[in-house]
Q: 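This is the structure, below, for whatever I ask next.
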There are 2 protein chains.
Amino acid sequence: MPRTRGRAPDGKWRADALSREIIVGAAIALLDELGERGLTFRLLAKQLNTGPGALYWHVTNKDELVALAADEVLGHAFTAPPPPEESAGAGLRALAIAVFDALDQHPWAASHVNAPPTLANALRLLDRIGTLVARTGLPAERHFAVSTAISYYITGVSAQIIAPRATAVAATDRDAFLAQTAEHWEKLDPADYPFLTRTTTDLRDHDDRDQFTTGLDLLLDGLNTTANP
Amino acid sequence: MPRTRGRAPDGKWRADALSREIIVGAAIALLDELGERGLTFRLLAKQLNTGPGALYWHVTNKDELVALAADEVLGHAFTAPPPPEESAGAGLRALAIAVFDALDQHPWAASHVNAPPTLANALRLLDRIGTLVARTGLPAERHFAVSTAISYYITGVSAQIIAPRATAVAATDRDAFLAQTAEHWEKLDPADYPFLTRTTTDLRDHDDRDQFTTGLDLLLDGLNTTANP
DNA sequence: ACCTGAACACCGTTCAAGT
DNA sequence: ACCTGAACACCGTTCAAGT
């Protein structure tokens, strides 16, 4: 797993040399355009003017490639510098929303951010959460459990909300899908599903980002009352 | 998509007739044993003494088959009848834990419980959550957002916690994986990762179920203070 | 209506061989 | 050290043909 660009035998840089970063970048482009099933080593190799075998010198296998691509995308959440002095709660909220928005741009990525973190940006995310949690009044022995809980919420709930868009093709399909699901709910027996049958308009009209922040704010409220009882 | 067993031309039941339920049941067994990649239409057909083509009469494709299998597994959370009269919070907590435990037994399933729900048991889960949420003092227009938030937490965070076990083979691997990840964290620069580098023992010793309930309790605390300010 | 199984159009991955 | 591309061992899915 080299971290530098290749060099031709004569010692000069090859303009078209492969590298992990170049491969991951091209993979992200294909994933955005064609989804996870559309990403193929043959196609990726063609885009990079090589054979499929060449990629395996830089990347262990497809699972690793997709994981690297997802971590790269997660890193987009950190482009803005962390705002200086705000409350821990506000910092956690801003961080969570930045992650949601980053993953929202690349729907295939959300379900590939794994826990516990081992890749650079996932590590960074948990560390930032932990540092913010440590700033609350919470006893130290609870920092790990609470920080990972928040981290799990961010990536897990983002994946739940965003993943359907990775299957449905375009953004326009979302409305059609929701309308169809709402119709399905309307046909259910109200005796069996009293809640769903009276909630179909909310389903049609809901906003994904609001869904994410609703649960997030409940979680942070709970953190707040636990830390400052 | 037939819901009944097949019948031979002479009108008698065939003992070996296929059905959606039989196929899903056999698929669950293979998924448990071999994981998602191990489930193959050829292998599944062989187990059921048919050819792969026969399965396509009962099931649209592999995605649908795995989704049906996951929903079936989710249904295990409802085997115990809902305890009669408890507080909404206690009911939600018990329900959430029942879902976690059900998915925990079939690690491949967690990441395939999709939102918004369209299959029977996922619908049932959201309806039960909604009914419990309606029992709190929360204004009606917030019921949908809060219920789905809780539902997303349950399935999304369960998937995050449980999914790694679907890749790692046995339960013994978990300790090895955590130890290896902890070693990785220890080698990080404390200047870059102040939180992670002092939290490695918590990582080694944590319990997955506690992780799940920690965030869940924060969320329910938040719900409680929001509903009864 | 339901099942059969060969065939199609792919995959991920490996590896001897090149430079 | 890095790249090439043919070859291996599979897949999911379709479909004409059977009962």
Side-chain angles (χ1 to χ4, degrees), chain A residues 1-27 30-31 33-70 108 112 167, chain B residues 1-27 30-31 33-70 108 112 167:
Chain A
M1 305 169 200
R3 316 198 65 250
T4 60
R5 309 287 262 267
R7 236 178 244 265
D10 59 1
K12 286 189 297 200
W13 295 109
R14 288 181 49 180
D16 62 338
L18 285 176
S19 74
R20 228 196 214 293
E21 296 84 52
I22 287 174
I23 292 171
V24 169
L30 284 178
L31 287 162
E33 195 187 351
L34 303 170
E36 193 171 343
R37 283 190 168 91
L39 174 66
T40 283
F41 272 72
R42 277 167 240 262
L43 178 57
L44 181 56
K46 188 179 289 184
Q47 303 264 332
L48 296 168
N49 297 309
T50 22
L55 306 174
Y56 283 88
W57 199 89
H58 300 272
V59 132
T60 306
N61 54 36
K62 188 175 177 180
D63 285 339
E64 185 187 65
L65 177 56
V66 175
L68 289 169
W108 51 268
H112 290 280
T167 322
Chain B
M1 303 167 199
R3 316 198 65 251
T4 58
R5 308 287 262 266
R7 234 178 247 265
D10 58 1
K12 286 189 297 200
W13 294 109
R14 288 181 49 180
D16 62 340
L18 285 176
S19 73
R20 229 195 212 297
E21 297 82 52
I22 287 173
I23 291 170
V24 169
L30 283 178
L31 286 162
E33 196 187 350
L34 302 170
E36 193 170 343
R37 283 192 168 89
L39 173 66
T40 283
F41 273 71
R42 276 166 240 262
L43 179 57
L44 181 56
K46 188 179 285 184
Q47 303 264 331
L48 296 168
N49 296 310
T50 23
L55 306 174
Y56 281 89
W57 200 88
H58 299 272
V59 133
T60 305
N61 53 36
K62 188 176 176 179
D63 285 339
E64 186 187 66
L65 176 57
V66 175
L68 289 169
W108 51 269
H112 290 280
T167 321

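None of the values given here were measured: they were computed from a predicted structure. In what follows, every chain begins at residue 1, and chains take the letters A, B, ... in the order their sequences are listed.
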Q: For the C1' atoms, the ones on dC15(D) and on dC3(C), what distance do you get once it is rounded to whole angstrom?
A: 13 Å
Q: Going by side chain to side chain contact (heavy atoms under 4.5 Å, CB included), name the residues that satisfy it together with Leu34(A), two or more places apart in sequence or in a different chain.
A: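 Leu30(A), Leu43(A).
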Q: Rounded to whole angstroms, how far apart are CG on Leu34(B) and P on dC11(D)?
A: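 Rounding to the nearest Å, CG of Leu34(B) and P of dC11(D) are 11 Å apart.
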Q: What I'd like to find out is whether the side chain of Leu68(A) reaches to under 4.5 Å of the side chain of Ile23(A), using heavy atoms alone.
A: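 Counting from C-beta outward, Leu68(A) and Ile23(A) never come under 4.5 Å.
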Q: For Arg20(B) and dC2(C), what is the distance between atoms CZ and P respectively, to the nearest whole Å?
A: 13 Å
Q: Separation of Trp57(A) atom CH2 from dA1(D) atom C1', in whole Å?
A: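 Answer to the nearest Å: 6 Å.
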Q: Grab the CD-C1' distance between Glu36(A) and dG12(D) for me, whole Å please.
A: 16 Å
Q: Consider the side chain of Arg42(B), meaning its heavy atoms from C-beta on, and name the nucleotide among dA1(D), dC3(C), dT13(D) that approaches it most closely.
A: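 Of dA1(D), dC3(C), dT13(D), dT13(D) is nearest to the side chain of Arg42(B).
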Q: Taking side chain to side chain donor-acceptor pair (under 3.5 Å) as the definition, give me every residue that meets it alongside Asn61(A), ordered by chain and number, with sequence neighbours left out.
A: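 Partners of Asn61(A) by the side chain to side chain donor-acceptor pair (under 3.5 Å) criterion come out as none, since no residue qualifies.
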Q: Heavy-atom nearest nucleotide on DNA chain D for Asp63(B) versus Gly53(A): which residue maps closer to 5'?
A: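 Per heavy-atom nearest nucleotide, the more 5' residue is Gly53(A).
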Q: Give the dot-bracket string for DNA chain C, reading 5' to 3', where a pair is Watson-Crick or G-U wobble with both distances under 3.5 Å, ( ) marks pairs inside the strand, [ ] marks pairs crossing earlier ones, | marks a partner on another strand, and . marks unpaired.
A: ||.|||||...|||||.||
Q: Nearest whole angstrom, please: distance from the P of dC11(D) to the CG of Leu30(B).
A: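 After rounding, the reported distance stands at 12 Å.
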Q: Which atom names give the shortest non-hydrogen contact between Leu48(A) and Ala26(A), and what distance separates them?
A: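 Distance-wise, the nearest heavy atoms are CD2-CB, 3.9 Å.
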Q: Check every atom of dC11(C), dC3(C), dT14(C) against the side chain of Ala54(B) and return the nucleotide holding the closest atom.
A: dC3(C)
Q: Not counting sequence neighbours, which residues clear side chain to side chain contact (heavy atoms under 4.5 Å, CB included) with Ala45(B)? List them please.
A: Thr50(B), Pro52(B), Leu55(B)
Q: Specify the residue among Pro52(B) and Tyr56(A) whose closest nucleotide of DNA chain C lies further upstream toward the 5′ end.
A: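 So the residue in question is Pro52(B).
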Q: Looking only at side-chain atoms of Thr40(B), point me to the closest of dC3(D), dT13(C), dC11(D).
A: dC11(D)
Q: If you compare every side-chain N and O of His58(B) against the phosphate oxygens of dA1(C) (OP1, OP2), does one of them come in below 4.0 Å?
A: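 No, no such contact exists.
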Q: Considering every strand and a 4.0 Å limit on heavy-atom distances, what is the contact class for Leu43(B): base, sugar-phosphate, or nothing?
A: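 The residue Leu43(B) makes no contact with any strand.
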Q: Whole Å only: how far is the NZ atom of Lys62(A) from the P atom of dC11(C)?
A: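 Rounded to the whole Å, the gap is 9 Å.
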Q: Nearest-Å distance, CD1 (Ile23(A)) to P (dC2(D))?
A: 11 Å
Q: Between atom CG in Leu48(B) and atom P in dC2(C), what is the gap in whole Å?
A: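 Distance, rounded to whole Å: 16 Å.
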Q: Under 4.0 Å, counting only non-hydrogen atoms across every strand here, what does Leu55(A) touch: a base, just sugar-phosphate, or nothing?
A: nothing
Q: Under the salt bridge (charged side-chain N to carboxylate O under 4.0 Å, His left out) rule, what pairs show up with a residue in residues 37-63 of chain B, not counting sequence neighbours?
A: Arg37(A)-Asp63(B), Asp63(A)-Arg37(B)
Q: Using the test side chain to side chain contact (heavy atoms under 4.5 Å, CB included), find all partners of Ala69(A) that sit at least two apart in sequence or belong to another chain.
A: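 By the side chain to side chain contact (heavy atoms under 4.5 Å, CB included) rule, Ala69(A) matches Val24(A), Ile28(A), Leu31(A), Trp108(A).
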